[in-house]
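Below is one structure, written out as structure tokens; comments come after it.
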Amino acid sequence: MTNQLTGGGAVTRATTSFYEEYDTLTLAQRLLGYELVHESPEGTTAGIIVETEGYLTGDPACHAYRRKTQRNAAMFGPAGTVYVYQIYGMYYCLNVVTGPEEVGEAVLIRALQPTEGIDLMAMRRSEAAGRLFDPATRNGLRDLCNGPGKLVIAMGITQPAHNFSSLETGTLAIRGPVLTGFDMVTTTRIGITQGADLPYRYYVKGNRFVSKW
DNA sequence: GATCAGATGGTCT
DNA sequence: GACCATCTGATCA
């Protein structure tokens, strides 16, 4: 049995040097086409990253804009750290920490194109929403991970298990690239009021798994 | 397709 | 006490 995270062939797990190599906005763009993978006790789930947003220091929409607090502490960790935070009292969002340590920048993962463990994703989404998600229906597959809160549920990502964890050594990883040769769209970010005019959102052009196009 | 209200609770002022 | 990096179902079209 091959190691899912490190990969058996040309597609390999990204290491810390990958996250350190690029500034936040460049990494937000480069992560498109890479695959997010979670090896959990229930099984492995994975999906191609098709939509991201960058959050920078000096950016009023960034959680680290004011100062380091208990909530945003993971953002100040080294590049390649996972930052999971709760929003609206009921959902969680996944970020890849970027930039130098103690700076506080990150890339929000907003949507995935499911590739592995689709039944498990559907089961998790069904349980969380209290209704049945059937990936075989017209939009069923698309509804699993086309939003930051949704993909966290489908992937089985939790704050206690993954906040502060390392994408290089933890159960959550990024591998790839698995999708190349696509066009990218740059737009303003979604769901924010501060810094709403900044063009820090990126997605794979024409990809139907993006949250909003 | 679009738009809108409600759910729901931690975090920071 | 106000503010959210959201999702869902209802309603209108």
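By convention in this document, chain letters (A, B, ...) are assigned in the order of the sequence lines, proteins followed by strands, and residues within each chain are numbered from 1.
By the 4.0 Å N-to-carboxylate-O rule, Arg175(A) lies close enough to Glu116(A) to be salt-bridged with it. For Arg124(A) and Glu42(A), the salt-bridge test passes: some basic side-chain N is under 4.0 Å from an acidic carboxylate O.
Nearest to the side-chain atoms of Thr69(A) among the listed nucleotides dC12(B), dA5(C), dT6(C) stands dC12(B). The side chain of Arg110(A) lies closest to dA5(C), out of dT8(C), dA5(C), dT13(B). Side-chain proximity of Arg125(A) to dC4(C), dT8(C), dA5(C): nearest is dT8(C). Taking only side-chain atoms of Gln86(A), from C-beta outward, the nucleotide of dG10(B), dT8(C), dT13(B) with the closest atom is dG10(B). When distances run from any side-chain atom of Lys150(A) to the nucleotides dA5(C), dC7(C), dT13(B), the shortest one goes to dC7(C).
Using a 4.0 Å heavy-atom distance criterion, Arg71(A) is classed as a sugar-phosphate-only contact. Residue-level contact check: Gly149(A) touches the backbone only, with heavy atoms under 4.0 Å from sugar-phosphate atoms and none from bases. Using a 4.0 Å heavy-atom criterion, one finds that Glu53(A) contacts no nucleic acid atom at all.
Considering only side-chain N and O atoms, Thr193(A) lies under 4.0 angstrom from the phosphate OP1 or OP2 of dC4(C). Distances shorter than 4.0 Å separate some side-chain N or O of Arg131(A) from OP1 or OP2 on dG9(C).
Per the geometry, CD1 belonging to Ile192(A) stands 9 Å off P belonging to dT6(C), to the nearest Å. Rounded to a whole Å, the CD atom of Gln194(A) is 13 Å from the P atom of dT13(B). Computed from coordinates, the Tyr85(A) OH to dC4(C) P distance equals 12 Å when rounded to whole Å. The NE2 atom of His63(A) sits 4 Å away from the P atom of dA5(C) (whole-angstrom rounding). The distance from atom CG of Asn163(A) to atom P of dT11(B) is 11 Å, rounded to the nearest whole Å. One atom, OH of Tyr202(A), and another, C1' of dA5(C), lie 15 Å apart when rounded to the nearest Å. Note: CD1 (Ile87(A)) to P (dT11(B)) measures 11 Å, nearest angstrom. Atom CG of Asp143(A) and atom C1' of dC7(C) are 11 Å apart (whole Å).
A stacked arrangement is not assigned to Tyr88(A) and the six-membered base ring of dA7(B), the conditions of a centre distance below 5.5 Å and an interplanar angle below 30° not being jointly met.
Screening Arg201(A), Arg208(A), Lys205(A), Lys212(A) for a salt bridge (charged side-chain N to carboxylate O under 4.0 Å, His left out) with Glu51(A), the sole residue that qualifies is Arg201(A).
Distance check, rounded to the nearest 0.5 Å: OH of Tyr34(A) to OG1 of Thr180(A) gives 10.0 Å. To the nearest 0.5 angstrom, Thr45(A) atom OG1 is 7.5 Å from Ile157(A) atom CD1.
Figure legend: cation-pi geometry between Arg189(A) and Tyr202(A) absent, as NZ or CZ is not positioned both under 6.0 Å from the six-membered ring centre and within 45° of its axis.
Across all strands shown, the partner of dC4(C) is dG9(B), judged by Watson-Crick or G-U wobble contacts whose two distances both fall under 3.5 Å. The partner of dC4(B) is dG9(C), by the rule that a Watson-Crick or G-U pair needs both atom distances under 3.5 Å.
If you find the closest nucleotide of DNA chain C to Phe133(A) and to Leu94(A), the one lying nearer the 5' end belongs to Leu94(A).
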